[in-house]
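This chain uses plain numbering: 1 for the first residue, then up along the sequence. Just so you know, these numbers come straight off a predicted model, no measurement behind them.
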Amino acid sequence: MKGSWRSWLTLLEGCLLVALGVRLLQSADLLVSGTAGLSLLVSDLLPVSFGIAFFVINLPFYGLALKQLGGDFTLRTLASVTLLSVLSDTLTTTLPLGNTHPVVCAIAAGLLIGLGLALLFRANASLGGLNILALYLERRAGFHAGRTTLCCDLLLLLVAFIVYPLTQVAGSALAFVTLSAVLGRYHRKASTQRRQPGDDESMRIPRRKGALVPHRASVSRLRALHEEG
């Protein structure tokens with residue numbers, strides 16, 4: 001129970017960091033990564049708030065999360081998306097920002113959002129949308145979530161060229177690169193190693209960090225002695 005409460009607290013901290021980063025990007029008229037960036041784009045083009053757009057765009061991705069990543073992950077992701085939507089709309093009205101420098105906002109927002117996503121991934125959650133796709137590819141194919149996020153962000157920048165001026169797109173690109181660098185540094189990639197058929201859990205030898213890896217032939221002899229006994 002104690003570990004569960006800590007996990008949910010980590011989720012809350014991650015959402016708050018991301019919401020602060022989104023607020024900085026909004027103040028500088030910059031885009032944010034993934035479906036959050038797409039939601040900002042929609043909120044600029046249509047008379048809807050970021051929170052509503054973000055919540056609606058994420059709905060189709062819950063099927064993939066539920067089927068491939070489990071019910072607990074889907075529940076935590078739904079809670080994170082809902083919480084971020086509420087926090088973002090709340091900060092928009094309660095945290096007014098004056099004149100902000102785009103470069104400073106881009107770097108600071110990239111740091112905040114990258115750290116927030118790393119906390120959410122650690123708590124077995126995400127912010128839906130492309131985060132779900134990134135974690136799915138990481139767990140199934142070993143492709144780091146930070147790289148998937150960066151590739152999707154580059155596609156988002158191509159769309160942004162149609163709507164925003166070059167300076168605004170360049171500032172958004174700086175935020176994306178900062179976010180990807182932070183996520184790549186602090187997010188530990190999920191293990192993609194799978195058990196081989198016939199592996200016996202009781203024959204696995206625990207190893208400390210820095211210990212020598214036992215030779216395969218030695219492991220085979222140990223397994224044979226174990227079966228004879």
Going from [atom1] on [X] to [atom2] on [Y], what distance comes out if it is rounded to the nearest 0.5 angstrom?
X	Y	atom1	atom2	value
Ser27	Leu91	OG	CG	11.5 Å
Arg6	Glu13	CZ	CD	11.5 Å
Leu87	Cys15	CG	SG	6.5 Å
Leu174	Leu179	CG	CG	11.0 Å
Leu83	Leu16	CG	CG	8.5 Å
Thr92	Gln26	OG1	CD	4.0 Å

Side-chain heavy atoms of [X] within contact of [Y], under 4.5 Å:
X	Y	result
Ser49	Ser43	no
Phe73	Thr77	yes
Ile113	Leu17	no

Are [X] and [Y] grouped together when hydrophobic residues (ILVMFWY) are joined by side-chain heavy atoms under 4.5 angstrom apart?
X	Y	value
Leu41	Leu157	yes
Leu59	Leu84	yes
Leu45	Ile57	yes
Trp8	Leu117	yes
Val86	Ile52	no

Measure across [X] and [Y] and return the closest heavy-atom pair with its distance rounded to 0.1 Å.
X	Y	result
Thr100	Cys105	CB-SG, 3.4 Å
Ala53	Val42	CB-CG1, 4.2 Å
Ala106	Gly171	CB-O, 3.4 Å
Leu95	Leu20	CD2-CD2, 4.2 Å
Thr90	Thr93	O-OG1, 3.0 Å
Val182	Leu115	CG1-N, 3.7 Å

Got a donor-acceptor contact below 3.5 angstrom from the Thr82 side chain to the Ala79 backbone?
no
Please check: side-chain N/O of Ser88 versus main-chain N/O of Ser85, any donor-acceptor pairing under 3.5 Å?
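Absent.
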Working note: Leu24 + Leu97, criterion side-chain contact (heavy atoms from CB on, under 4.5 Å); need CA distance, chi angles, decisive distance, verdict.
CA-CA 8 Å; Leu24 286 175; Leu97 297 176; 4.0 Å; yes
So Val18 and Leu112, side-chain contact (heavy atoms from CB on, under 4.5 Å) or not? Walk me through it.
CA-CA 6 Å; Val18 174; Leu112 288 170; over 6 Å; no
So if I apply the side-chain contact (heavy atoms from CB on, under 4.5 Å) rule between Ser172 and each of Leu25, Leu30, Asp29, which one comes out positive?
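Of all the options given, the one that passes is Leu30.
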Test side-chain hydrogen bond (donor to acceptor under 3.5 Å, both in side chains) applied to Ser7 and Arg76, step by step
CA-CA 10 Å; Ser7 179; Arg76 290 170 180 268; 2.6 Å; yes
